[in-house]
Asks: 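What follows is a structure written as structure tokens; I'll ask about it next.
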Protein chains: 2
Amino acid sequence: MLKNKTYRSTCPLTSLLDIIGDKWSLIIIRDLFMGKNTYGQFLNSPEGISTNILADRLKLMKNNELISYVYKEYNKKVKYYYLTNKGIDLYPIICEMMLWSDKHLKFKEMHPLGLQSIKSIKESGIELEIKETKNSYLKTRSELLKIL
Amino acid sequence: MLKNKTYRSTCPLTSLLDIIGDKWSLIIIRDLFMGKNTYGQFLNSPEGISTNILADRLKLMKNNELISYVYKEYNKKVKYYYLTNKGIDLYPIICEMMLWSDKHLKFKEMHPLGLQSIKSIKESGIELEIKETKNSYLKTRSELLKIL
DNA sequence: TTTTTTACTTGTTTTTTGCAATTGATTTTT
DNA sequence: AAAAATCAATTGCAAAAAACAAGTAAAAAA
């Protein structure tokens, strides 16, 4: 298991890197924004995360309170993951990262979240896009939590 | 050496993670914004990067055109690193990351870049802070490049 | 010319990742 | 109720990357 014992410095950038500074965590967060919320759905993403890494990252991000999960009453097997408020607040970072790539890398085709978010940002600005995505996710989440 | 052969997917988020998705790259970028620009100065940062990792990341970021370097005419030993435009464009991401940490983590004390940037953002807004930091860095860089 | 500084490289150990196979509980089907 | 299928993991192993310590080579300073 990837260990996250203590922060390397008092730098706020470094401390967030201590939490999500790897190749997979933010991809899972992206998937949650996309509406995915189960282990199996995360596994199906095009990046092809392996099962042990996925299990490890879910555990770590749960410990760091970026995500949490619930069971549905009629199914004791599947965990339904969701973003906490702390997790939702990562969206501006994800936006800026997608914008950077859109500006500096060349894509022949593009993943749906990227395509839609970037279009939306260009049309109505980043602040509105962030606000709308957060609200939209809050709605999704409250529906999940209401069907406990 | 950390290898960066090909992108894992067509997602703009993933592609940037393929480039800087590790625990050290953004810390070096931060240091460059802080005015550090030599191997020795990067080594002195509080996080304590090891020499082989630093050399590796500098090489990778140079390959990815986030940074470059020059020699000064009177010194053939020390490389003076600087951010390319592509590298400078990472600053909004760094800002959002610092803001996230400021909101969600508790710090007793704080690293100078974090302290100053966050204060500045709270006073005059993130867009102005980004603009000012970019301009300020461009000035620093042009002075370096002029004294070839 | 010697010493010091500086940017690395090398070698070794530890940690993390990637991959394939398997498990064990739960759910679905028969 | 029993058998089959599903699903979220876990395990074991090999490969890659990171951490740590020591050393090197070239240039600059003394």
Side-chain angles (χ1 to χ4, degrees), chain A residues 1-9 14 17-28 31-32 36-64 67-82 144, chain B residues 1-9 14 17-28 31-32 36-64 67-82 147:
Chain A
M1 164 132 164
L2 186 74
K3 62 186 165 191
N4 176 8
K5 34 183 178 184
T6 181
Y7 296 126
R8 286 173 291 172
S9 75
T14 303
L17 287 174
D18 287 334
I19 298 174
I20 53 149
D22 69 87
K23 295 226 183 304
W24 294 108
S25 298
L26 278 181
I27 291 177
I28 299 168
D31 282 349
L32 282 159
K36 296 188 181 183
N37 57 10
T38 66
Y39 185 92
Q41 289 177 327
F42 299 137
L43 270 188
N44 277 334
S45 285
E47 288 84 5
I49 191 171
S50 41
T51 58
N52 54 343
I53 304 293
L54 175 57
D56 180 67
R57 289 310 120 87
L58 288 171
K59 203 176 290 175
L60 275 175
M61 291 198 291
K62 174 113 188 346
N63 289 343
N64 283 311
I67 62 174
S68 187
Y69 61 79
V70 287
Y71 292 101
K72 294 187 179 173
E73 56 183 11
Y74 51 82
N75 189 322
K76 295 281 162 206
K77 189 156 76 172
V78 179
K79 288 172 180 168
Y80 290 86
Y81 290 91
Y82 62 89
L144 175 66
Chain B
M1 163 132 166
L2 187 76
K3 62 185 165 193
N4 177 9
K5 33 183 179 184
T6 181
Y7 296 125
R8 287 172 290 171
S9 75
T14 304
L17 288 173
D18 287 335
I19 298 174
I20 53 148
D22 69 87
K23 296 227 183 304
W24 295 108
S25 299
L26 279 181
I27 291 177
I28 299 167
D31 282 348
L32 282 159
K36 297 188 180 182
N37 57 10
T38 65
Y39 185 92
Q41 288 177 327
F42 299 137
L43 269 188
N44 277 335
S45 284
E47 289 84 5
I49 191 170
S50 40
T51 57
N52 53 345
I53 304 293
L54 176 57
D56 179 69
R57 289 310 118 87
L58 288 171
K59 200 174 295 174
L60 275 175
M61 291 199 291
K62 174 114 188 345
N63 289 344
N64 283 312
I67 63 175
S68 187
Y69 62 80
V70 287
Y71 292 101
K72 293 186 181 174
E73 57 183 11
Y74 50 82
N75 189 322
K76 295 284 165 204
K77 189 155 75 169
V78 178
K79 289 173 180 167
Y80 290 86
Y81 289 91
Y82 62 89
I147 325 170

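For the numbers below, each heavy atom of this structure counts, side chains included, while hydrogens, waters and symmetry mates do not. Letters A, B, ... are given to chains in the order of the sequence lines, protein chains preceding strands, and every chain is numbered from 1.
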Asks: Go through B:Leu54 and B:Trp24 one step at a time and tell me if the side-chain contact (heavy atoms from CB on, under 4.5 Å) criterion holds.
Replies: CA-CA 8 Å; B:Leu54 176 57; B:Trp24 295 108; over 6 Å; no
Asks: What's the CD1-C1' distance between B:Ile53 and C:dG11, to the nearest Å?
Replies: 14 Å
Asks: How far does CD1 of B:Ile19 sit from NZ of A:Lys23, to the nearest 0.5 angstrom?
Replies: 9.5 Å
Asks: Using whole Å, report how far CG of A:Asp56 lies from P of C:dC19.
Replies: 16 Å
Asks: What is the distance, rounded to the nearest whole Å, between atom NZ of B:Lys3 and atom C1' of C:dG18?
Replies: 11 Å
Asks: I'd like to know whether A:Arg57 forms a side-chain contact (heavy atoms from CB on, under 4.5 Å) with A:Ile27, so could you lay out the CA-CA distance, the side-chain angles of the two residues, the decisive distance to 0.1 Å, and finally the verdict.
Replies: CA-CA 10 Å; A:Arg57 289 310 120 87; A:Ile27 291 177; over 6 Å; no
Asks: Looking for any heavy atom pair under 4.0 Å, which part of the strands does A:Lys23 touch: base, sugar-phosphate only, or nothing?
Replies: nothing
Asks: Return the 5'-most residue of the pair B:Lys77, B:Leu58 with respect to DNA chain C, ranking by each residue's nearest nucleotide.
Replies: B:Lys77
Asks: Just so I know, are the side chains of B:Tyr39 and B:Thr51 near enough to count as touching, which here means a heavy-atom distance under 4.5 Å?
Replies: yes
Asks: Measuring from the side chain of A:Thr51 (C-beta onward, heavy atoms only), which nucleotide among C:dT26, C:dT6, C:dA20 has the closest atom?
Replies: C:dA20
Asks: Please state how far atom CG in B:Leu2 lies from atom P in C:dT17, giving the value in whole angstrom units.
Replies: 11 Å
Asks: Assuming nearest nucleotide by heavy-atom distance, tell me which of A:Arg8 and A:Val78 is located more 5' along DNA chain D.
Replies: A:Val78
Asks: Listed in order of residue number, which residues of residues 36-45 of chain B have a non-hydrogen atom at under 4.0 Å from DNA chain C?
Replies: B:Thr38, B:Tyr39, B:Gly40
Asks: Counting side-chain heavy atoms from C-beta on, which of C:dT27, C:dT5, C:dG11 comes nearest to A:Asn75?
Replies: C:dT27
Asks: Any base atoms under 4.0 Å from A:Tyr69, or only sugar-phosphate, or nothing? Heavy atoms, all strands.
Replies: nothing
Asks: Check the distance between C:dT16's C1' and A:Asp22's CG and give it to me in whole angstrom.
Replies: 11 Å
Asks: Rounding to an integer number of Å, can you tell me how far B:Ile67 CD1 sits from C:dA7 C1'?
Replies: 14 Å
Asks: Could you give the start and end, 5' to 3', of the contact zone on DNA chain D for chain A, using atoms under 4.0 Å from its heavy atoms?
Replies: D:dT6 to D:dG12
Asks: How do B:Lys59 and A:Ser50 order along DNA chain C: which one's closest nucleotide is nearer the 5' end?
Replies: B:Lys59
Asks: For a side-chain contact (heavy atoms from CB on, under 4.5 Å) check, start with the C-alpha distance between B:Asp22 and A:Asp22, then their side-chain angles and the critical distance, and finish with the verdict.
Replies: CA-CA 5 Å; B:Asp22 69 87; A:Asp22 69 87; over 6 Å; no
Asks: Of the options C:dT17, C:dT26, C:dG11, whose atoms approach the side-chain atoms of A:Lys76 most closely?
Replies: C:dT26
Asks: Where does the angle between the aromatic ring planes of B:Phe42 and B:Tyr81 fall among parallel (under 30°), tilted (30 to 60°) and perpendicular (over 60°)?
Replies: tilted
Asks: State, to 0.1 Å, how close B:Leu60 and B:Met1 come at their nearest heavy-atom pair, and which atoms those are.
Replies: CD2-CE, 3.7 Å
Asks: Can you see which heavy atom on B:Lys62 is nearest to which on B:Ser68, and at what distance?
Replies: CE-OG, 3.8 Å
Asks: Walk me through it: do A:Ile49 and A:Ile28 pass the test side-chain contact (heavy atoms from CB on, under 4.5 Å)?
Replies: CA-CA 10 Å; A:Ile49 191 171; A:Ile28 299 168; 4.2 Å; yes
Asks: Please report the distance, rounded to the nearest Å, between NZ in A:Lys79 and C1' in C:dT27.
Replies: 17 Å
Asks: Rounded off to whole Å, could you give me the CG-to-P distance for the A:Asn52 and C:dC19 pair?
Replies: 10 Å
Asks: Looking at every heavy atom in both A:Lys76 and A:Tyr71, which two are closest together, and how far apart are they?
Replies: O-CE2, 3.5 Å
